[in-house]
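Values reported hereafter were calculated over all heavy atoms of this structure, with side chains retained and with hydrogens, waters and symmetry mates removed. Heads up: numbering here begins at 1 and tracks the sequence.
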Amino acid sequence: MRLWDFARSAYARPGVAAACLQLQDEHGQCVALLLWRIWALAERRPVGGAALDAAVATSRAWETAVVSPLREVRRELRHGFPLIADAARAALRDRVEVVERAAERALLEALEARAASTPGDDPDWPAALAALVVAWDPAVPADALAPLLDSIGPLAADGGSDTFHAMNDERAGGETEAEIRLGLAQLRQAHQDLDDAVAALEAGPQPDQLQIARLKKKKLVLRDQIAKLDNRLTPDIIA
């Protein structure tokens with residue numbers, strides 16, 4: 001399984017995102033690097049010391065120069081700014097998120113080449129992940145990995161990527177991808193219709209501010225529904 005596909009799906013599994021974000025926010029770890037190492041373990045691709053050092057160095061440089069600044073801007077754009085319309089701020093945040101996701105994908109694609117292409121022996125998952133987080137930051141507490149190890153436990157214990165493929169075939173609510181995409185298209189059309197209605201009201205000689213506010217509230221509800229469906233198709237590897 002290619003690293004990008006694995007990373008998106010792994011991040012969407014119960015507990016994995018929360019554990020990764022805890023390691024990122026509390027201990028400064030790199031989520032993309034963690035997902036790369038989990039992928040290599042699941043695929044039984046050995047990672048030697050030199051490859052590990054190169055992966056850490058590449059990730060640190062890219063994280064510092066590109067991903068972290070984008071993340072900070074996106075997080076700042078969660079909040080309102082004086083004189084800046086909420087719609088404009090939210091639209092800009094969406095654009096930053098797209099660029100941030102592209103930056104993470106670029107890093108994952110670079111890391112994929114750092115693992116051996118041929119399978120090796122069954123790996124020691126706790127030891128391998130501990131070596132990674134210590135290589136990133138030697139001061140990380142010994143128990144910091146526990147939540148992540150718990151969340152990926154079934155994958156580590158029951159057959160690596162074979163078990164992961166089986167787990168990933170399950171679909172919430174029994175919906176197919178085509179059904180999800182159809183619902184997404186319908187929601188986006190409804191959102192566009194509300195956009196047009198708000199624009200028409202605002203262009204009138206005496207805009208009905210109460211009606212405009214109600215329509216904008218409906219737009220926010222639709223935006224949340226769109227985001228949830230979109231994440232089911234392409235889960236973010238984003239904090």
query: Nearest heavy-atom pair of Leu52 and Ala131: which atoms, and what distance?
result: CD2-O, 4.3 Å
query: In terms of hydrophobic clusters joined by side-chain contacts under 4.5 Å, are Val221 and Leu194 together?
result: no
query: Charged N to carboxylate O under 4.0 angstrom, Asp53 versus Arg114?
result: no
- prompt: Side-chain heavy atoms under 4.5 angstrom apart, residues restricted to Ile, Leu, Val, Met, Phe, Trp, Tyr: same cluster for Leu23 and Leu149?
  reply: yes
- request: Could you point out which residue of Leu34, Val67, Val31, Leu107 forms a side-chain contact (heavy atoms from CB on, under 4.5 Å) with Ser59?
  value: Leu107
- line: Here the gap from Trp39 atom CH2 to Ser9 atom OG, rounded to the nearest 0.5 Å, amounts to 14.0 Å
task: Take Val198 and Lys216 through the side chain to side chain contact (heavy atoms under 4.5 Å, CB included) test and state the conclusion after the steps.
output: CA-CA 7 Å; Val198 169; Lys216 286 184 175 180; 4.0 Å; yes
field: Shared hydrophobic cluster for Leu108 and Val99 (ILVMFWY, side-chain gaps under 4.5 Å)
entry: yes
message: Nearest 0.5 angstrom please: Leu215 CG to Asp196 CG, how far?
response: 11.0 Å
- prompt: Are Gln22 and Pro147 close enough that some pair of their side-chain heavy atoms sits under 4.5 Å apart?
  reply: yes
- prompt: Is there a salt bridge (charged side-chain N to carboxylate O under 4.0 Å, His left out) between Arg71 and Glu63 once you walk through the steps?
  reply: CA-CA 10 Å; Arg71 182 187 304 130; Glu63 180 87 3; 2.9 Å; yes
- prompt: Do Glu112 side-chain atoms and Arg2 backbone N/O form a donor-acceptor pair below 3.5 Å?
  reply: no
message: Looking at Leu148, is its backbone amide N or carbonyl O close enough to the side chain of Ser151 to form a donor-acceptor pair, meaning the two atoms are under 3.5 Å apart?
response: yes
field: Listed partners of Thr64 passing side-chain contact (heavy atoms from CB on, under 4.5 Å), at least two apart
entry: Arg60
query: Do the side chains of Leu201 and Leu220 join up, straight or via other hydrophobic residues, at under 4.5 Å, putting them in one cluster?
result: no
message: Can you give me the closest heavy-atom contact between Val66 and Pro69, atom names plus distance?
response: O-CD, 3.3 Å
task: Classify the side-chain pair Arg214/Gln209 by whether it contains a donor and acceptor separated by less than 3.5 Å.
output: no
query: Is the side chain of Trp136 donor-acceptor paired with the backbone N or O of Gly28 at a distance under 3.5 Å, no angle test?
result: yes
- prompt: Any side-chain heavy atom of Tyr11 within less than 4.5 Å of one from Ile38?
  reply: no
task: Taking only Lys NZ, Arg NE, NH1 and NH2, and the carboxylate oxygens of Asp or Glu, determine whether Arg89 and Glu76 approach each other closer than 4.0 Å.
output: no
- request: Evaluate the side-chain proximity of Lys219 to Arg223: yes if any heavy-atom separation is below 4.5 Å, no if none is.
  value: no
message: With clusters defined by side-chain heavy atoms of hydrophobic residues (ILVMFWY) lying less than 4.5 Å apart, directly or transitively, does Val73 cluster with Leu92?
response: yes
message: Show the nearest heavy-atom pair for residues Ile212 and Pro207, with the distance to one decimal.
response: CD1-CB, 3.9 Å
task: Search all heavy atoms of Gln29 against all heavy atoms of Val133 and return the closest pair with its distance.
output: NE2-O, 3.2 Å
- request: Calculate, to the nearest 0.5 Å, the distance between atoms CD and CH2 belonging to Glu104 and Trp62 respectively.
  value: 11.5 Å
- prompt: Side-chain contact, heavy-atom cut-off 4.5 Å: Leu70 with Ser68?
  reply: no
- prompt: Charged N to carboxylate O below 4.0 Å: is that the case for Lys218 and Asp195?
  reply: no
message: Distance check, rounded to the nearest 0.5 Å: His79 atom NE2 versus Asp86 atom CG?
response: 12.5 Å
task: Might you work through the salt bridge (charged side-chain N to carboxylate O under 4.0 Å, His left out) test for Arg75 and Glu97, ending with a clear yes or no?
output: CA-CA 10 Å; Arg75 287 180 169 180; Glu97 184 172 339; over 6 Å; no
message: Do Ile152 and Trp125 make a side-chain contact, defined as non-hydrogen atoms from C-beta onward lying under 4.5 Å apart?
response: yes
Leu41/Leu129 under side chain to side chain contact (heavy atoms under 4.5 Å, CB included): CA gap, chis, key distance, verdict: CA-CA 9 Å; Leu41 290 165; Leu129 287 170; 3.9 Å; yes
query: Which atom names give the shortest non-hydrogen contact between Ala115 and Val47, and what distance separates them?
result: CB-CG2, 4.1 Å
task: Check salt bridge (Lys or Arg N to Asp or Glu O under 4.0 Å) between Lys217 and all other residues, then give those that pass, not counting sequence neighbours.
output: none
message: To the nearest 0.5 Å, what is the distance between SG on Cys30 and CG on Leu111?
response: 7.5 Å
